[in-house]
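Only one structure is covered here, and it is reproduced in the block below.
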Amino acid sequence: MLRPGLTVLVRMGRESGETASEAAMEQCASVEREVDKVLQKFLTYGQHCEQSLEELLHHVGQLRAELASAALQGTPLSATLSLVMSQCCRKIKDTVQKLASDHKDIHSSVSRVGKAIDRNFDSEICGVVSDAVWDSREKQQQILQMAIVEHLYQQGMLSVAEELCQDCSLPLQESTLNVDLDFKQPFLELNRILEALHEQDLGPALEWAVSHRQRLLELNSSLEFKLHRLHFIRLLAGGPEKQLEALSYARHFQPFARLHQREIQVMMGSLVYLRLGLEKSPYCHLLDNSHWAEICETFTRDACSLLGLSVESPLSVSFASGCVALPVLMNIKAVIEQRQCTGVWSHKDELPIEIELGMKCWYHSVFACPILRQQTSDSNPPIKLICGHVISRDALNKLINGGKLKCPYCPMEQNPADGKRIIF
């Protein structure tokens, strides 16, 4: 919901928002056309350069053979051969000069790409939001550095993250970044297990899943079963020599028989074709390498959920959301400036217009007060009344009359202090 002072901008903001994506796409297309021109010139130059050099090498090779033949015969260098050598040197020089000149032309095309970027995109995007909306510069820097470090840890770039932490702690830096071991440990463990899975080593992942079995069951996770299934399939891939070992390992499926009966039956049925070769049987899909990519995704999702981490790093989510929201915000900024009402957007916890980011960016529910038509926040949380109706704290304070509160939806009177804050 929008604040009352911003409702005048909704219509124009929405109209701007509708055209923002089209304008952004046209700007991107304009830059893309310049990039395509450069790539085409590089391709043409590369082909011409390769052809010219091949012709020169062929000509020089022929001349070298003639000189070698004359040297073996002991005859002096003829005038004709001297002329051919002079012509060859002149041709080499002209070709090199021509290639250098063509290469300089490409530089001008590359510079036009930069000019197209400057022409089509606002270089000062920091001006989209007033400085008053944010906290101090030092706090901004610390939040950004922490987001980058967390992203690097989550992507497995541990050495880069450690280097950044050290650089941020140098005496000349304005702020320090202290990352304790408790913060790093989950990322270190996850990356260690994922590296093992990429090497098709199931041991660390199985050990982790068994140690967290109860918590994984509470999440309705099938990670442990999928790991055992993949190990069983690896044994099947070993051929008849691994049949007894596979049958012995099948006892690990017993705890999962009720939930995964069909999948277990399929794996047991595949044993019939073990001597003939699974790759030529109806069970050849069990040997598909896609199972390894699937187990990596399953482990990442379930482990992050269990450890309270997001599957995608906050930095990548923020960046993707910003790419969607920025064109709309730049247009709404222009509308605000045209109407000379720059002071209406000053709250840190809201935007001047609603921006649709898509379902993939929905992480939690939100509650809008039915009385004030405002979205609740930490400073104005939802309050549950005794009668069960929910309103915002600001609405509750405005409805108090003579120390009593009458619910706006039912006639029940109650003490305002009896309202309970709820968290969705």
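- In this structure, His212 NE2 and Leu219 CG are separated by 11.0 Å, a value rounded to the nearest 0.5 Å.
- Under the 3.5 Å distance criterion, the side-chain polar atoms of His103 are left unmatched by any main-chain donor or acceptor of Leu99.
- Using a cut-off of 4.0 Å between Lys/Arg side-chain N and Asp/Glu carboxylate O, Asp94 and Lys98 are scored as not salt-bridged.
- Note on Glu34 versus Lys115: no salt bridge recorded, every NZ/NE/NH1/NH2 to OD/OE distance being 4.0 Å or above.
- Here the closest non-hydrogen pair linking Leu307 and Pro186 is CD1-CB, 4.1 Å.
- Side-chain contact between Leu223 and Trp208: present, with at least one pair of heavy atoms (C-beta onward) separated by less than 4.5 Å.
- Considering all non-hydrogen atoms of both residues, Ala205 and Leu197 come closest at CB-CD2, 3.9 Å.
- For the pair Lys242 and Glu245, the salt-bridge criterion is met [side-chain N within less than 4.0 Å of a carboxylate O].
- A donor-acceptor pair under 3.5 Å links the side-chain atoms of Asn191 to the main chain of Tyr153, judged by distance alone.
- Between Tyr249 and His252, a ring centre-to-centre spacing shorter than 6.0 Å is recorded.
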Side chain to side chain contact (heavy atoms under 4.5 Å, CB included) between Cys88 and Ile92, intermediate numbers included: CA-CA 6 Å; Cys88 182; Ile92 292 174; 4.1 Å; yes
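- The local environment of CD in Glu189 is crowded, with over 12 non-hydrogen atoms from other residues, nucleotides or ligands closer than 6.0 Å.
- No donor-acceptor pair closer than 3.5 Å links the side chain of Arg421 to the backbone N or O of Lys384.
- Residues Ser159 and Glu162 form no side-chain contact, since every pair of their non-hydrogen atoms from C-beta on lies 4.5 Å or further apart.
- In the displayed structure, Arg64 atom CZ is contacted under 6.0 Å by at most 12 heavy atoms of other residues, nucleotides or ligands.
- No more than 12 heavy-atom neighbours from other residues, nucleotides or ligands sit within 6.0 angstrom of CG on Asn401.
- For the pair Leu190 and Thr300, the minimum side-chain heavy-atom distance is 4.5 Å or more.
- Side-chain atoms of Ser101 never come within 3.5 Å of backbone atoms of Gln97 as a donor-acceptor pair (strictly under, hydrogens ignored).
- Under the 3.5 Å distance criterion, the side-chain polar atoms of Ser222 are left unmatched by any main-chain donor or acceptor of Phe225.
- Checking side-chain atoms of Thr44 against main-chain N and O of Gln40 turns up a donor-acceptor pair under 3.5 Å.
- Side-chain contact between Lys404 and Ile400: absent, with no pair of heavy atoms (C-beta onward) separated by less than 4.5 Å.
- With hydrogens and angles ignored, the 3.5 Å screen pairs no side-chain donor or acceptor of His59 with any backbone N or O of Lys91.
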How far apart are the C-alpha atoms of Ile383 and Val390, what are their side-chain angles, what is the distance that settles it, and do they pass the side chain to side chain contact (heavy atoms under 4.5 Å, CB included) test? CA-CA 6 Å; Ile383 303 295; Val390 180; 6.0 Å; no
Determine, stepwise, if the pair Cys407 / Gln414 fulfils side chain to side chain contact (heavy atoms under 4.5 Å, CB included). CA-CA 8 Å; Cys407 176; Gln414 50 201 291; 3.9 Å; yes
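- When all heavy atoms are compared, the tightest approach of Pro381 to Asp378 is CD-O, 3.8 Å.
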CA sep, side-chain torsions, deciding dist, call: Ile264, Met268, side chain to side chain contact (heavy atoms under 4.5 Å, CB included): CA-CA 6 Å; Ile264 295 173; Met268 293 298 103; 4.3 Å; yes
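- Distance alone, capped at 3.5 Å, is enough to place a donor-acceptor pair between the Asn380 side chain and the Asp394 backbone.
- Contact check for Pro382 versus Ile391: no side-chain heavy atoms found under the 4.5 Å cut-off.
- The shortest distance between side-chain heavy atoms of Leu216 and Arg213 does not fall below 4.5 Å.
- Taking 4.5 Å as the limit, some side-chain heavy atom of Leu385 sits within range of a side-chain heavy atom of Leu396.
- Ring centroids of Phe253 and His260 are separated by 6.0 Å or more, keeping the two rings apart.
- Of the inter-residue distances, the one linking Thr298 atom OG1 with Ile295 atom CD1 reads 5.0 Å to the nearest 0.5 angstrom.
- When all heavy atoms are compared, the tightest approach of Arg251 to Pro255 is O-CD, 4.2 Å.
- Met412 places none of its side-chain heavy atoms less than 4.5 Å from the side chain of Lys406.
- Leu236 CG to Arg229 CZ: the interatomic distance, rounded to the nearest 0.5 Å, is 12.0 Å.
- Summarising the geometry of Leu227 relative to Ala209, their closest heavy-atom pair is CD1-CB, 3.9 Å, with the distance given to 0.1 Å.
- With rounding to the nearest 0.5 Å, the separation of NZ in Lys93 from OG1 in Thr95 is 12.5 Å.
- In this structure, Ser52 contributes its side chain and His48 its backbone to a donor-acceptor pair below 3.5 Å.
- What you find for Ser392 and Thr376 is that their closest heavy atoms are CB-CG2, 4.0 Å.
- A distance of 9.0 Å separates CG in Leu274 from OG in Ser281, rounded to the nearest 0.5 Å.
- Here CD of Glu294 is found 10.5 Å from SG of Cys296. Values are rounded to the nearest 0.5 Å.
- Judged by distance alone, with hydrogens and angles left aside, the side-chain atoms of Ser321 form no donor-acceptor pair with the main-chain N or O of Ser318 at under 3.5 Å.
- Annotation: His58, atom NE2; neighbour count of heavy atoms from other residues, nucleotides and ligands within 6.0 Å does not exceed 12.
- Counting heavy atoms of neighbouring residues, nucleotides and ligands inside a 6.0 Å radius, atom OH of Tyr273 does not exceed 12 of them.
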